[in-house]
Amino acid sequence: MEANKQIAVIGMGLRFPGASSPGEFWDLLISGRDVQQDLPKSRWDNSEFYNKKNPSYGLICCERGYFLTDYSGFNPTLFNIKPNVAKKMDPHQWLVLDTARDAILDAGISAELLPKRTAVFVGASSSDSYSQVALDAVEDYTPHTSFACDQSQLAANVARCFDLRGPVFTINSACSSALHSIILASNALLASDCTMALAGGVHLYLNPTSAILRSRTGILSPDGYCRTFDAKANGYALGEGAAMVLLESLENALKNKHKIYGIISGYYQNHNGSLATIGQSSSKAIEEVILGALQHAGITVSDLAFMECHGTATANGDRAELTALSALTKDSHDKQLYLTANKTHIGHLESAAGVASFISALLALNKGDIPPVLHLRHPHEILQNCKNIQVVAEKMPLPADKKYAGVSAFAINGSNAHIILEKYVGEQKANISYKLSAPGYTKYTIGCPKKVIHRIANQKESLDNNLADKIADIWGKKLGFADVPRDVTFFELGGDSLEVQMLLLELEENYDLQLDWDTLNNYPTVNSLAEYLQSALHTKQKDLLLLPETGEKLTRILLFVLGEIIGKKVTPDMAFSTFNMTENAYAECQKIVEQIFHINIDIAEWKKFLTIDDLNCFLLNNIASEQLELYIKTFSEVSGL
């Protein structure tokens, strides 16, 4: 693909089994974890459908899978949605809104600055899941109920909540829905139908109907594992999830200095036609769709560092995919194509599977490692006979001379998609998390990289207890323990260097402290680390009781004051350099802020503040709480804020 036609991936948001952020998802993949679990009791009573003594006689053949343990943490006020309306919404809609919001935040863009000509494409196929739930509660019917069951609202809600005016579509091509949505979004960008595009997919099991139908067709694994490319593979595992990615032309992404996860360099779509019956895969069609994407990108299969396979672990699906890959690599001579598949970690997310694979491949290109395929004990006969394709059984470094990855998604309805991703090797702008607000509702918070801890009690004993609980909770999540003893060291619990790094990064983000690798050697237990952090926080004057509302009100005041001074609308994430402030304007700002807060700030120090958030952090850390609250009260009464 020509350089001016490439698409950049600049943001992502996700909710996958065992992961709710790109960092958590990568940790899950690269550490080789399988997050299989029992069906959550909140869904349905599986004892009515599953026969423990003889699963093949039950309506549902399995009792375990890969589920979202909590998809109900939706905050409707962030999207200007009334709580009573939110209760009637399909949870699929909650997940799409949340992950779209996360993708925007991840890109470092506030909603106000998101181009109005932003498109939304959402892949979804579980149409029966919520409509049945709504019918079961027909006595609570409201006019919103019918819209809550309408899949077209999945994409439309995003446009409505963020006031977007670009093309908006919900796409149903079964298991390839999400990857098709990314391709259609790319086409819309190239055709100048939009300036940016949100694309992805969503899938939940809200009632047993879908699980029963899949069990009857024999495509589900009775033990709930995906044994992709194993000779004893017995079907795929139930999976749930949602993800959205934010796309922009590479040209605009570079011009706007946006963070770039990777580049979409080529893609292709096709259908099996009459090559296969319904529910079957065609190796010929798979070969054609991958070859079409390679040609679109202007590369050959030998240029691929790895392939993120569809890998359903069904007999027909695996055979068709491996046959196609074998045919594509037959002339590669001694060059190998490495295969990976995230379904062995998180199950088959169906209409969200394509975007899960897309994100997996992007993260692998970014991190420089290929995640392993799990549960491979008896390699498929095609793998044994074809030496040019090799499944990654243990994590391995990305081949140094290769920067491309292929991503596949094939559907039970015969609709296939393939995308070629390219590693971005240019200079990256530092990632700054901006704020997000929805039309009609404004909520400003203090953002990274200078977060202010909001809940630190004045009493030392209470502070110690809060910190110890928080640290123990973080340790437990990193190491897989429900409860962590306060006097046992991190290393005694099995922590390794990667987990130390992840722990310190999370503590830094929560408490705005620079922690080095020796911290856990000097303060190895929960109690000792809590005591150290408590002391450090007091040193940095962080023992002030700062509620989120305080930071929000202060931000609105500063926006008002600065807007009056420079004569234009100001957003909290704007850099002061973008205000085109004169020396006189700086001096006036300095004078007013000093008068308000009784803090001496010289112009040289003022210019160190990049955004209003930076100024917020400085003020919140250097003024007395009584003075701040008194000023906010007085100013709010006078200005009407």
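Start at 1 with the first residue, then count along the sequence. Just so you know, these numbers come straight off a predicted model, no measurement behind them.
The closest donor-acceptor contact from the side chain of E350 to the backbone of E240 lies at 3.5 Å or more, if one exists at all. S351 places a side-chain N or O within 3.5 Å of a backbone atom of V202 that can act as its donor or acceptor partner. Remark: side-chain polar atoms of K403 are not paired, donor with acceptor, to backbone N or O of A400 under 3.5 angstrom. Looking at S176, its side chain does come within 3.5 Å of a backbone N or O of S415 through a donor-acceptor pair. Side-chain N or O atoms of D98 include none that pairs as donor or acceptor with a backbone N or O of L95 at under 3.5 Å. No side-chain donor-acceptor contact under 3.5 Å links T99 to the backbone of G13. Counting only distance, with no hydrogens or angles, the side chain of T344 and the backbone of L374 share a donor-acceptor pair below 3.5 Å. Proximity of a side-chain donor or acceptor of N385 to a complementary backbone N or O of E381 within less than 3.5 Å is detected. No donor-acceptor pair under 3.5 Å is formed between the side chain of S326 and the backbone N or O of T323. Side-chain N or O atoms of N270 include one that pairs as donor or acceptor with a backbone N or O of A285 at under 3.5 Å.
The distance from the CG atom of L383 to the CG atom of L322 is 5.0 Å, given to the nearest 0.5 Å. In this structure, CD on Q36 lies 10.0 Å from CG on L238, to the nearest 0.5 angstrom. Interatomic distance, I346 CD1 to F67 CZ, rounded to the nearest 0.5 Å: 13.0 Å. How far CD1 of I183 is from CD1 of I419: 4.5 Å, rounded to the nearest 0.5 Å. Distance CD/Q151 to CD/Q93: 9.5 Å, rounded to 0.5 Å. Expressed to the nearest 0.5 Å, how far CG of L179 lies from CG of N416 amounts to 10.5 Å.
Nearest approach of M196 to P115, heavy atoms of both residues: SD-CD, 3.7 Å. Considering all non-hydrogen atoms of both residues, P208 and F49 come closest at CG-CZ, 3.6 Å. Nearest approach of Q37 to P40, heavy atoms of both residues: OE1-CG, 4.5 Å. The nearest pair of heavy atoms linking H345 to G32 is CE1-CA, 3.8 Å. The heavy-atom pair separating L220 from C61 by the smallest distance is CB-SG, 3.7 Å. A313 and T228 make their closest contact through CB-N, 3.7 Å (heavy atoms, listed as atom of the first residue, atom of the second, distance).
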V9 and Y424: side-chain contact (heavy atoms from CB on, under 4.5 Å), yes or no, with the steps? CA-CA 10 Å; V9 185; Y424 178 68; over 6 Å; no
What verdict does the side-chain contact (heavy atoms from CB on, under 4.5 Å) test give for D230 and H375, after you've listed the backbone C-alpha separation in whole Å, the side-chain angles of each residue and the deciding distance to 0.1 Å? CA-CA 8 Å; D230 193 286; H375 314 306; over 6 Å; no
Under the criterion side-chain contact (heavy atoms from CB on, under 4.5 Å), I'd like the reasoning laid out for M244 against V122: C-alpha separation, chi angles, the key distance, then a yes or no. CA-CA 8 Å; M244 296 291 283; V122 179; 3.9 Å; yes
I would like to know whether S215 and L59 meet side-chain contact (heavy atoms from CB on, under 4.5 Å); could you show each step before the answer? CA-CA 7 Å; S215 293; L59 291 175; over 6 Å; no
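Applying the 6.0 Å contact sphere to OH of Y50 captures more than 12 heavy atoms from other residues, nucleotides or ligands. E394 CD: 12 or fewer foreign heavy atoms inside a 6.0 Å radius. Other residues, nucleotides and ligands place more than 12 heavy atoms under 6.0 Å from the NZ atom of K402.
At a threshold of 4.5 Å between non-hydrogen side-chain atoms, the residues I299 and E422 do not count as touching. By the 4.5 Å heavy-atom criterion applied to side chains, R214 and Y205 are counted as neighbours. The closest side-chain heavy-atom distance from L325 to I290 is below 4.5 Å. No side-chain heavy atom of I278 sits less than 4.5 Å from a side-chain heavy atom of N413. Within the 4.5 Å cutoff, the side chain of C309 has no heavy atoms near those of the T340 side chain. Within the 4.5 Å cutoff, no side-chain heavy atoms of V391 are placed close to those of P379. In this structure, Q269 and L184 have side chains that are in contact, with non-hydrogen atoms separated by less than 4.5 Å. Residues I109 and H258 meet the side-chain proximity criterion, which asks for heavy atoms closer than 4.5 Å.
In this pair, F79 and F74 present their aromatic rings parallel. The plane angle is below 30°, not in the 30 to 60° band.
Side-chain contact, Y66 with D34: a donor N or O sits under 3.5 Å from an acceptor N or O. Under 3.5 Å, the side chains of N316 and R319 contain no donor-acceptor pair of N or O atoms. Using a 3.5 Å distance cut-off with no hydrogens or angles, the side chains of N234 and S221 do pair a donor with an acceptor.
For the pair D163 and R165, the salt-bridge criterion is met [side-chain N within less than 4.0 Å of a carboxylate O].
Ring centers of H418 and H310: at least 6.0 Å apart, outside the cut-off.
Of the residues listed (Y236, Y225, F410), the one engaging H348 in a ring-ring contact (aromatic ring centres under 6.0 Å, His included) is Y236, and it is the only one.
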